[in-house]
Amino acid sequence: MALVRLATARTHYGSSFLCLRSESLPRCWSQIRAFSAAMSPPSSAVVYEHHGPPESVTRVVDLPPVEVKENDVCVKMLAAPINPSDINRIEGVYPVRPHVPAVGGYEGVGEVHSLGSAVKGLSPGDWVIPSPPSSGTWQTYVVKEQSVWHKINKDVPMEYAATVTINPLTALRMLEDFGNLNPGDAIVQNGATSIVGQCIIQLARIRGIHSINIIRDRVGSDEVKEKLKGLGADEVFTESQLEVKNVKGLLANLPEPALGFNLQGGTMVTYGGMSKKPITVSTSSFIFKDLSLRGFWLQKWMSSDKAKESRKMIDYLLGLTQEGKIKYEMELVPFSNFHAALDKALGKFGSQPKQVIKF
């Protein structure tokens, strides 16, 4: 009976799940019974069959083995984060999302478990990440073509390997794609406590660029300021501190920012919308201060002709994490406690470290 249920599940979910293939029931039955060497192990996965509140629509299910074709790589996932974009995909509000039913997750790190007969350059035990990111990383085994996977150094801390592809890479591109920043220049940012914000601070420091950082007024803001300055921030202000007429007077000897938010003669780049509120800028800022508004979406950038460059950048960023030059707070959570981690990621318990599922 167990085999019948597995085969039925396979037919019901079809190819919508990352690890599932559309096949006839008799073929699936015969392959499972034969325990073919070209099959993946069974997998446990976080799935959702329709969009809605993530805590309500997600569940952990067992999925049957799937075929490992000649160009495929079967990867045993080691860790994967819960990102805001993952939550938005489940809610059905993210611009690009998989068809439901689907497996959650979009980035992570895994270990090569088995290879298709035509795969070259990878071996069982290698660490790989999906690059560009790919849907369906919240499961114990993932089967995808070799072209999806990027081999990385196994000496990298697992949690950084799992989270490098979206937030740190966004920070790097933000600094390099807008304007021509030179050592001694300054940037200004809000959302400085986010992982992207923390990475911007540290990458700017490496390049000799000053960072002016804005945080929300909240209990413990003095401790947050010290933490950010420990990462390399030159100045950290709460929003209320900037409610003065002479903001320049707060900046001491720092130059006027060339990149960031609410500045004179520079570029304002928006890369996230956690508040889900529109951006408002005065007409005078455009006319008299030559302010430019730009947007950045990593997924669009990685789908352009620059996508091939991303793997070199990822290796560079992972090297910085090994050297201790980039760091941010994370919490590794066992896969068995997924929904507890999801509640933290949803903000039900206030500000929390990045939640990273360990399989």
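Alongside Leu228, the hydrophobic cluster contains Ile201, Ile215, Val224, Leu231, Val236 (criterion: ILVMFWY side chains under 4.5 Å).
Looking at Val112 and Val128, their side chains come closer than 4.5 Å, going by heavy atoms from C-beta outward. For the pair Val46 and Val103, the minimum side-chain heavy-atom distance is 4.5 Å or more. In this structure, the side chains of Leu317 and Leu203 come closer than 4.5 Å at one or more pairs of heavy atoms. Side-chain atoms of Leu254 and Glu235, non-hydrogen and from C-beta on, do get closer than 4.5 Å to each other. Under the 4.5 Å side-chain criterion, counting only non-hydrogen atoms from C-beta, Tyr160 is in contact with Lys327. Val100 is not listed as a side-chain neighbour of Glu49, based on a closest heavy-atom distance of 4.5 Å or more. Looking at heavy atoms from C-beta onward, Val47 lies out of side-chain contact with Pro101 at the 4.5 angstrom threshold. Side-chain contact check for Tyr106 versus Arg89: some heavy-atom pair is nearer than 4.5 Å.
Lys354 approaches Asn167 most closely through the heavy-atom pair NZ-ND2, 3.9 Å. Here the shortest heavy-atom pairing between Ile206 and Tyr316 reads CG2-OH, 4.4 Å. Here the shortest heavy-atom pairing between Ala345 and Gln355 reads N-CG, 4.1 Å. Met39 and Val68 make their closest contact through C-CG2, 4.0 Å (heavy atoms, listed as atom of the first residue, atom of the second, distance). Across every non-hydrogen atom of His51 and Pro98, the tightest pair is NE2-O, 4.5 Å. Summarising the geometry of Pro81 relative to Thr163, their closest heavy-atom pair is CB-CG2, 3.7 Å, with the distance given to 0.1 Å.
The NE2 atom of His113 sits 8.5 Å away from atom OG of Ser40, with the distance rounded to the nearest 0.5 Å. Distance check, rounded to the nearest 0.5 Å: OG of Ser131 to NZ of Lys151 gives 15.5 Å. Once rounded to the nearest 0.5 Å, the distance linking OG of Ser114 with CG of Leu122 reads 11.5 Å. To the nearest 0.5 Å, atom CE of residue Met313 and atom CD of residue Glu309 are 4.5 Å apart. Taking CZ of Arg218 as the reference point, atom CD of Glu223 lies at 10.0 Å (rounded to 0.5 Å). The distance from atom CD1 of Ile82 to atom CD1 of Ile90, rounded to the nearest 0.5 Å, is 8.5 Å.
Judged by the 6.0 Å and 45° rule, Arg59 forms no cation-pi pair with Tyr48.
Between the side chain of Gln202 and the backbone N or O of Gln198 there is at least one donor-acceptor pair closer than 3.5 Å. Judged by distance alone, with hydrogens and angles left aside, the side-chain atoms of Gln146 form a donor-acceptor pair with the main-chain N or O of Lys120 at under 3.5 Å. In this structure a side-chain-to-backbone donor-acceptor pair under 3.5 Å is missing from Asp343 to Ala340. Without hydrogens or angle criteria, Glu107 side chain to Thr165 main chain gives a donor-acceptor distance under 3.5 Å. Proximity of a side-chain donor or acceptor of Lys154 to a complementary backbone N or O of Gly125 within less than 3.5 Å is detected. With hydrogens and angles disregarded, no donor-acceptor distance shorter than 3.5 Å links the side chain of Asn337 to the backbone of Pro334. Remark: the backbone N or O of Ser211 is paired with a side-chain donor or acceptor of Asp234 at under 3.5 angstrom. No side-chain donor-acceptor contact under 3.5 Å links Ser134 to the backbone of Pro130. Checking side-chain atoms of Thr170 against main-chain N and O of Ile166 turns up a donor-acceptor pair under 3.5 Å. Using a distance-only test at 3.5 Å, with no hydrogens or angles considered, no donor-acceptor pair links the side chain of Asp72 to the main chain of Val143.
Residues Lys348 and Glu55 are paired through a salt bridge, judged by an N-O separation under 4.0 Å between the basic side chain and the carboxylate. Salt-bridge check for Glu323 with Lys325: passed, with a basic side-chain N closer than 4.0 Å to an acidic carboxylate O. A salt bridge is absent between Lys358 and Glu159; no separation between the charged side-chain nitrogens and carboxylate oxygens falls under 4.0 Å. Taking 4.0 Å as the cut-off between side-chain N and carboxylate O, Glu176 and Arg173 count as a salt-bridged pair.
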Between Leu346 and Ile87, does the side-chain contact (heavy atoms from CB on, under 4.5 Å) criterion hold? Intermediate values first, please. CA-CA 8 Å; Leu346 290 169; Ile87 293 170; 3.7 Å; yes

side-chain contact (heavy atoms from CB on, under 4.5 Å) between Leu78 and Trp127, intermediate numbers included: CA-CA 9 Å; Leu78 299 174; Trp127 278 21; 3.5 Å; yes

Could you walk me through whether Val142 and Trp149 satisfy the side-chain contact (heavy atoms from CB on, under 4.5 Å) test, starting with their C-alpha distance in whole Å, then the side-chain angles of each, then the deciding distance to 0.1 Å, before giving a yes or no? CA-CA 11 Å; Val142 176; Trp149 303 106; 3.8 Å; yes

Checking Leu115 against Cys74 for the side-chain contact (heavy atoms from CB on, under 4.5 Å) test, could you report, in this order, the C-alpha distance in whole Å, the side-chain angles of both residues, the deciding distance, and whether it holds? CA-CA 6 Å; Leu115 305 166; Cys74 176; over 6 Å; no

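Using a 3.5 Å distance cut-off with no hydrogens or angles, the side chains of Gln189 and Asn213 do pair a donor with an acceptor. Between the side chains of Ser85 and Asn83, no donor N or O sits under 3.5 Å from an acceptor N or O. Ser43 and Thr140 form a side-chain donor-acceptor contact under 3.5 Å, judged by distance and modelled atom types alone.
Ring-centre distance between Trp138 and Phe335: not below the 6.0 Å cut-off.
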